[in-house]
Number of protein chains: 2
Amino acid sequence: MVQYSSTPLDASFAALSDATRRGVLAQLGRADASITDLAQTFHMTLTGMRKHVRVLEQAELVTTEKIGRARTCRLGPRHLDEALAWLEWYRQLWDARFDELDEIVLDLGAKE
Amino acid sequence: MVQYSSTPLDASFAALSDATRRGVLAQLGRADASITDLAQTFHMTLTGMRKHVRVLEQAELVTTEKIGRARTCRLGPRHLDEALAWLEWYRQLWDARFDELDEIVLDLGAKE
DNA sequence: CGCATACTGAACTACATGGTTCAGTATTCG
DNA sequence: CGAATACTGAACCATGTAGTTCAGTATGCG
């Protein structure tokens, strides 16, 4: 198949499609945390959590910095504006289709 | 691993993490389409497109109906409100952290 | 009826994902 | 120095994903 990483939008949505990663973002919203902190919260191994954090890093939702032996994770620079914009656009699309349906229904009513 | 399908939010974000599927939503926003129509637009086999459509169906973003030998796909009942709400919440979280940082910077400035 | 069209299902390929364990390395602290 | 802590990398497993081909079935049309 060859995934070749595609667009940043793909990466954002993919990163958000996992409940653990959304939880990590929530925790980092309250305070920065180490891999150990996060691993404890979500009851998984350091290695497992590191992988989630790396996915979030690659989607630019989280940045990390290794200080001494600990790696500190914090909320990253991406606002998810792109993802939000896409969803808003989609909602408008959907609403437009719905209005159209309304019109058809109204037209049918007018005929009687 | 055992994926057991988790939350609808997972399904929504996962469905949106593929450019082809976002394109299908866009096309269905303009008009309903058959599997053949969609497969042609995105240059893939019927079987391949059917799989994408099924993912969108399972995320309740698209509904389909088989009429005669053709399957008609249309934009589904889900507004993606949940996904939007999550992203909005996340943005507020991020903004809050940013404001906090601003305060720290301002405090540092006041000290001089 | 017979052919073309539209889809479906199974099997296969190649790679991604979400997790684990185990065996390291690097850092801190007594 | 030596032990504990914090992370890392490689290897592995089971399953999911994005596509294909090929061999059907079901429908519509001349």
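This is a predicted model, so every value here is computed, not measured.
- Note: CZ (R50(A)) to P (dA10(D)) measures 13 Å, nearest angstrom.
- Between I35(B) atom CD1 and dG9(C) atom P the separation is 11 Å, expressed in whole Å.
- L16(B) is listed as a side-chain neighbour of W86(A), based on a closest heavy-atom distance under 4.5 Å.
- We find that NZ of K51(A) is positioned 12 Å from C1' of dT8(D), with the value rounded to whole Å.
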* To do: Dump the intermediate steps for side-chain contact (heavy atoms from CB on, under 4.5 Å) on R71(A) and V53(A), then the final yes or no.
  => CA-CA 11 Å; R71(A) 178 173 296 277; V53(A) 169; 5.5 Å; no

* **Steps toward side-chain contact (heavy atoms from CB on, under 4.5 Å) verdict (R22(A), F13(B))** => CA-CA 11 Å; R22(A) 289 194 303 272; F13(B) 282 129; 4.1 Å; yes

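- When the P atom of dT17(D) is taken as reference, atom CZ of F13(A) falls 17 Å away, rounded to whole Å.
- A salt bridge links R91(A) and E88(A); the closest N-O separation between the charged side-chain nitrogens and carboxylate oxygens is under 4.0 Å.
- Paired with E57(B) under the rule salt bridge (charged side-chain N to carboxylate O under 4.0 Å, His left out), one option of R50(B), R21(B), K51(B) passes, and it is R50(B).
- Atom NZ in K66(B) sits roughly 11 Å away from atom P in dA6(C) (whole-Å rounding).
- Among the nucleotides dG9(C), dG18(C), dA18(D), the one closest to the side chain of H52(A) is dG18(C).
- For the pair A59(B) and A15(B), the tightest heavy-atom approach, listed with the atom from each and the gap, is CB-CB, 3.9 Å.
- dG18(C) atom P lies 11 Å from atom CZ of R22(A), rounded to whole Å.
- Contact annotation: R54(B) side-chain N/O to dG9(C) OP1/OP2 distance is under 4.0 Å.
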* Can you check each nucleotide of nucleotides 21-30 of chain C against protein heavy atoms at under 4.0 Å and return B for base, S for sugar-phosphate only, - for none, in 5' to 3' order? => BB----BS--

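- Among the nucleotides dA18(D), dG19(C), dT8(D), the one closest to any side-chain atom of R71(A) is dT8(D).
- If you measure from atom CG of L16(A) to atom C1' of dT17(C), you get 16 Å, rounded to the nearest angstrom.
- The separation between D18(A) atom CG and dT15(D) atom C1' is 14 Å, rounded to whole Å.
- Closest approach of I35(A) to M49(A), counting heavy atoms only: O-CG, 3.9 Å.
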